[in-house]
**Student:** 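Take a look at this one; I'll ask things after.
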Amino acid sequence: MSDLTTAPPVEQAPPGEPQDRGVRATLTGMADRVRGGDLGVWPVVAGLVVIWTVMQVLNSVFLSSANLVNLAMECVPVGVIALGVVFMLLVGQIDLSVGSVSGLSAAITAVLFVDHGMPAVVAIVAAAAAGCLIGWFYAQVFNRLGVPSFVITLAGLLGFLGLQLLTLGPKGSINLPFDSWLVTFAQLDFVPPWLAYALSAAGAAALYWTGHAKAAARRRAGLPATTEQTLVLRSAVLLVGLAVAVWYLSRDRGVGWMFVLFLGLVLAMHYVLSRTKYGKSVYAVGGNVEAARRAGINVKAIYTSAFVVCTTLAAVGGILAAARLAAANQSSGGGDVNLNAIAAAVIGGTSLFGGRGNAFAALLGIVVIQSISSGLTLLNLDSSYRFMVTGAVLLLAVALDSVARRSRRTHGRA
């Protein structure tokens with residue numbers, strides 16, 4: 001079965017003699033995986049460092065706390081959409097209509113909330129339900145008729161754009177009340193510093209606990225496991241990094257609740273994909289669908305869930321985008337939203353060939369794209385440069401994925 005996991009198999013230790021992996025062994029293993037074609041997130045991190053360095057040299061405002069706060073908030077709507085695209089790519093499919101679905105959900109939210117006077121919660125649930133229903137419809141056409149996802153979602157791109165315009169009606173634009181909690185959440189609500197530090201500590205503790213539980217399970221099975229010293233060091237590094245980030249962002253407005261929501265969605269999807277039987281099934285279907293079917297996996301159900309998750313997250317992203325702008329209009333979900341969401345998933349490390357990637361790809365990819373956009377805006381350069389630079393980065397990401405795929409085949413890890 002090809003491309004089922006993002007890590008190579010581990011040698012089993014002699015019975016009763018588990019070979020714990022310290023810091024040096026962990027680093028050596030990482031180097032071996034990179035040489036074998038399993039690049040992980042390192043190319044994205046390296047690219048992000050280069051982008052931030054260049055932008056800061058060209059404009060000293062780029063890494064200011066005020067600009068980074070804005071950058072983080074601007075990442076969220078498209079980042080949530082990209083999270084759904086990651087799910088689709090993992091099963092070897094694609095959704096070209098996420099932009100139109102997000103625009104339609106924004107229109108539904110605005111019409112129900114403003115024009116019909118419904119509570120914001122009801123409008124949001126209705127818009128998210130519409131996104132879920134769209135994904136279910138896509139899945140039925142895909143599973144029952146065998147129409148490629150490319151064609152289905154391309155038709156959806158056009159059809160739901162028209163439905164969005166019909167929903168908005170002759171006005172074409174609906175403003176959301178600035179004093180509503182929905183707009184306040186997306187624009188003005190920030191985490192108190194003490195709570196942000198507490199959440200950082202909780203994240204570091206969760207990293208240690210999950211690593212400790214995994215290491216204990218491996219020792220019981222007689223497999224090599226990460227040492228306690230390595231687990232503590234890894235958690236301490238995360239804690240210091242998060243604390244520094246919170247401190248620096250708190251020099252301006254701090255960490256937005258909307259960004260915390262995005263991180264929560266990323267962590268939740270990461271847990272589902274990496275720690276559940278369902279997540280392993282997703283990777284199996286994306287790696288080799290026929291082998292997954294013969295292994296007893298309900299392939300059609302996995303495809304259905306992927307479509308539903310993707311379109312539902314697209315709807316949520318559209319709602320957050322409307323709240324961020326305090327309006328829904330004919331251009332909602334249009335422009336480069338669709339392409340940026342797909343590009344973010346790919347740039348973040350999700351393979352277009354299926355079966356490889358993780359939820360953090362959406363986070364890393366959208367930070368790269370938004371960093372390019374923010375930096376070029378500060379330099380007073382128009383959108384033409386942003387499109388060209390983003391396109392070059394996307395091409396580089398796919399090229400690296402293709403080279404890594406060949407390397408994995410050469411090393412017997414494909």
Side-chain angles (χ1 to χ4, degrees), residues 71-91 93-109 124 127-135 138 149-150 152-154 156-157 160-161 163-164 186 256 258-270 273 305-325 328-329 331-350 352 357-373 390 394 397:
L71 191 153
M73 296 293 281
E74 292 297 331
C75 284
V76 177
V78 179
V80 172
I81 299 174
L83 194 57
V85 175
V86 167
F87 218 91
M88 283 294 293
L89 293 179
L90 286 178
V91 296
Q93 303 300 324
I94 195 168
D95 189 341
L96 300 178
S97 69
V98 287
S100 295
V101 173
S102 71
L104 175 61
S105 69
I108 292 173
T109 302
I124 291 172
C132 180
L133 182 61
I134 290 171
Y138 284 165
S149 60
F150 180 93
I152 299 171
T153 56
L154 182 60
L157 183 155
F160 293 120
L161 173 59
L163 186 56
Q164 173 188 346
M258 188 169 73
F259 188 73
V260 173
L261 171 64
F262 179 36
L263 289 180
L265 289 173
V266 171
L267 292 174
M269 180 172 285
H270 176 70
L273 291 174
S305 65
F307 277 109
V308 169
V309 169
C310 183
T311 53
T312 302
L313 287 176
V316 173
I319 295 168
L320 293 175
R324 182 73 181 156
L325 297 174
N329 52 50
S331 64
S332 296
D336 56 358
V337 171
N338 204 46
L339 297 179
N340 277 347
I342 298 173
V346 176
I347 290 172
T350 307
L352 285 170
N358 55 61
F360 290 103
L363 175 61
L364 293 172
I366 195 58
V367 170
V368 168
I369 291 177
Q370 196 58 44
S371 296
I372 295 172
S373 177
T390 303
L394 175 61

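All of these numbers come straight from a predicted model, not from anything done at the bench.
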**Student:** What closest approach, in Å, do A315 and A127 show between heavy atoms, and which atom pair accounts for it?
**Tutor:**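 Reported closest heavy-atom pair: CB-O, 3.7 Å.
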
**Student:** Counting distance only, does the side-chain N/O of S102 pair as donor-acceptor with the main-chain N or O of G318 below 3.5 Å?
**Tutor:**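 Side chain of S102 to backbone of G318: no pair is present.
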
**Student:** In the structure I gave you, are the side-chain heavy atoms of C310 and Y138 within less than 4.5 Å of one another anywhere?
**Tutor:**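 Answer no - side chains too far apart.
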
**Student:** Indicate yes or no: at least one non-hydrogen side-chain atom of F87 is less than 4.5 angstrom from one of L313.
**Tutor:**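 F87 does not reach L313 side chain to side chain.
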
**Student:** Checking N338 now: which residues fulfil side-chain hydrogen bond (donor to acceptor under 3.5 Å, both in side chains) with it, not counting sequence neighbours?
**Tutor:**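 Expected list: none.
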
**Student:** Which residue is it: V316, I81, I134? I am looking for the one with a side chain to side chain contact (heavy atoms under 4.5 Å, CB included) to T311.
**Tutor:**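 Going through V316, I81, I134 one by one, the side chain to side chain contact (heavy atoms under 4.5 Å, CB included) with T311 is satisfied by I134 alone.
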
**Student:** At their closest point, which heavy atom of H270 faces which heavy atom of N358, and how far apart are they?
**Tutor:**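 Heavy atoms of H270 and N358 come nearest at ND1-CB, 4.5 Å.
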
**Student:** Let me confirm one number: the CE-CZ distance from M88 to F307, rounded to the nearest 0.5 Å.
**Tutor:**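 Atom-to-atom, M88:CE and F307:CZ are 4.0 Å apart.
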
**Student:** State, yes or no, whether a side-chain contact exists between F262 and L320 at a heavy-atom distance under 4.5 Å.
**Tutor:**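 F262 does not reach L320 side chain to side chain.
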
**Student:** Enter the distance from L96:CG to L154:CG here, rounded to the nearest 0.5 Å.
**Tutor:**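 L96 CG to L154 CG: 6.0 Å, rounded to 0.5 Å.
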
**Student:** Side chains of V78 and Q370: does their closest heavy-atom pair fall under 4.5 Å?
**Tutor:**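 The answer is no; the side chains never approach within 4.5 Å.
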
**Student:** If you take all heavy atoms of A361 and V86, which pair is closest and at what distance?
**Tutor:**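 Looking at all heavy atoms of both residues, the closest pair is CB-CG2, 4.3 Å.
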
**Student:** Does any non-hydrogen side-chain atom of D95 lie less than 4.5 Å from one of V85?
**Tutor:**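 Sidechains of D95 and V85: no contact.
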
**Student:** If only atom types and distance count, is the side chain of T350 paired as donor or acceptor with the main-chain N or O of V346 below 3.5 Å?
**Tutor:**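 No, because the side chain of T350 does not come within donor-acceptor range (under 3.5 Å) of the backbone of V346.
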
**Student:** So do V76 and L261 actually touch side chain to side chain, heavy atoms under 4.5 Å?
**Tutor:**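 L261 vs V76: side chains apart.
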
**Student:** Distance-only, no hydrogens or angles: does the S100 side chain make a donor-acceptor pair with backbone N or O of L157 under 3.5 Å?
**Tutor:**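 Yes; at least one donor-acceptor contact below 3.5 Å.
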
**Student:** Between N329 (side chain only) and S332 (backbone N and O only), is there a donor and an acceptor less than 3.5 Å apart?
**Tutor:**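 A pair under 3.5 Å: yes.
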
**Student:** Using modelled atom types and a 3.5 Å cut-off, is there a donor and acceptor pairing between side-chain atoms of T312 and backbone atoms of V309?
**Tutor:**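 Flag not set: sc T312 to bb V309 has no pair under 3.5 Å.
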
**Student:** Which heavy atom of G79 sits nearest to which heavy atom of A362, and what is that distance?
**Tutor:**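 It is O-CB, 4.0 Å.
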
**Student:** Got a second to check how far L363's CG is from L83's CG, nearest 0.5 Å?
**Tutor:**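 L363 atom CG to L83 atom CG measures 9.5 Å (nearest 0.5 Å).
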
**Student:** Closest heavy-atom contact between A345 and A82?
**Tutor:**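 Looks like CB-O, 4.0 Å.
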
**Student:** Using the test side-chain hydrogen bond (donor to acceptor under 3.5 Å, both in side chains), find all partners of S371 that sit at least two apart in sequence or belong to another chain.
**Tutor:**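 Counting only residues at least two positions away or on another chain, S371 forms a side-chain hydrogen bond (donor to acceptor under 3.5 Å, both in side chains) with W52.
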
**Student:** Taking it one step at a time, do V367 and I369 satisfy side-chain contact (heavy atoms from CB on, under 4.5 Å)?
**Tutor:** CA-CA 6 Å; V367 170; I369 291 177; over 6 Å; no

**Student:** Atom CD of Q93 and atom CD1 of I152: how far apart are they, to the nearest 0.5 Å?
**Tutor:**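 The distance works out to 8.5 Å.
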
**Student:** Do S305 and V308 have side chains that approach each other closer than 4.5 Å (heavy atoms only, starting at C-beta)?
**Tutor:**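 SC-SC contact between S305 and V308 ruled out.
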
**Student:** Measure the spacing between CG of L352 and CD1 of I94 and express it to the nearest 0.5 Å.
**Tutor:**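 Here the interatomic distance stands at 6.5 Å.
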
**Student:** Hey, what do you get for OG (S105) to CD1 (I319), rounding to the nearest 0.5 Å?
**Tutor:**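 So the OG of S105 and the CD1 of I319 are separated by 5.0 Å.
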
**Student:** Give me each pair satisfying salt bridge (Lys or Arg N to Asp or Glu O under 4.0 Å) with a member in residues 357-372, each pair once, sequence neighbours excluded.
**Tutor:**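 Counting only pairs at least two positions apart or across chains, no salt bridge (Lys or Arg N to Asp or Glu O under 4.0 Å) contact touches residues 357-372.
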
**Student:** Of all the heavy-atom pairs spanning A186 and M73, show the shortest one and how long it is.
**Tutor:**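 Looks like O-CE, 3.2 Å.
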
**Student:** Would you check if L267 and F360 make a side-chain contact, meaning some heavy-atom pair closer than 4.5 Å?
**Tutor:**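 Sidechains of F360 and L267: in contact.
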
